[in-house]
Amino acid sequence: MVKIHVNEKQKVVVAVLEDCRLDAYNQLERSIPFDYFPDSLLSDETSDMPETIKAVARCHPDDKFDVEVGKKIAVDKVMVKYTNSYNKALTRVQTKIGKLVNQIENLKK
């Protein structure tokens, strides 16, 4: 759930996602039969995401501050950051799986 913090005096809206660190890991755990892969495949450095992801929407000093517009911008930005982080974690796992498959293929030769 996205938490929103508004500072009308500074014309700033901050969107925050918390407890994200294991999101990619948990999704992979539901999707891949882990018994077939070594424990190191999904080690912290491979599938981890940041614990907290934040995004800020700042109103230009000359513009009129609109809380709803700021919320939309901040939420959109935090979701882009989240998606990028999630995709990076999945790519790291995919790369590791590819290396394992190559090692197995080389053993067959």
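Residue numbers start at 1 and run along the sequence shown.
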Separation between CE of M1 and CG of L17, rounded to the nearest 0.5 Å: 10.0 Å
Please tell me whether V2 and M49 are part of a single hydrophobic cluster in this structure, the criterion being side-chain heavy atoms less than 4.5 Å apart. yes
Under 3.5 Å, which donor-acceptor pairs link side chains of residues 65-84 to any protein atom two or more places apart or in another chain?
unit_1: D66; atom_1: OD1; unit_2: E68; atom_2: N; d: 3.0
unit_1: D66; atom_1: OD1; unit_2: V69; atom_2: N; d: 3.2
unit_1: K72; atom_1: NZ; unit_2: D76; atom_2: OD2; d: 2.8
unit_1: K77; atom_1: NZ; unit_2: V56; atom_2: O; d: 2.5
unit_1: K81; atom_1: NZ; unit_2: K54; atom_2: O; d: 2.8
unit_1: Y82; atom_1: OH; unit_2: D23; atom_2: OD2; d: 2.6
unit_1: T83; atom_1: OG1; unit_2: M79; atom_2: O; d: 2.9
unit_1: N84; atom_1: ND2; unit_2: V80; atom_2: O; d: 3.4

Under the salt bridge (Lys or Arg N to Asp or Glu O under 4.0 Å) test, residues paired with E8 that sit two or more places apart: none
Can you find a heavy atom in the side chain of S85 that is under 4.5 Å from one in the side chain of C20? no
CG on N102 to CD1 on I97, rounded to 0.5 Å: 12.0 Å
Check K64, Q10, K11 against C59 for a side-chain contact (heavy atoms from CB on, under 4.5 Å) and give me the one that passes. K11
Residues in salt bridge (Lys or Arg N to Asp or Glu O under 4.0 Å) with K3, at least two apart? E18
Applying the 4.5 Å side-chain criterion to the ILVMFWY set and letting contacts propagate, would L22 and V16 be lumped into a single cluster? no
How far does CZ of R21 sit from CG of N26, to the nearest 0.5 angstrom? 9.5 Å
Hey, are the side chains of V13 and N7 touching, using non-hydrogen atoms and a 4.5 Å cut-off? no
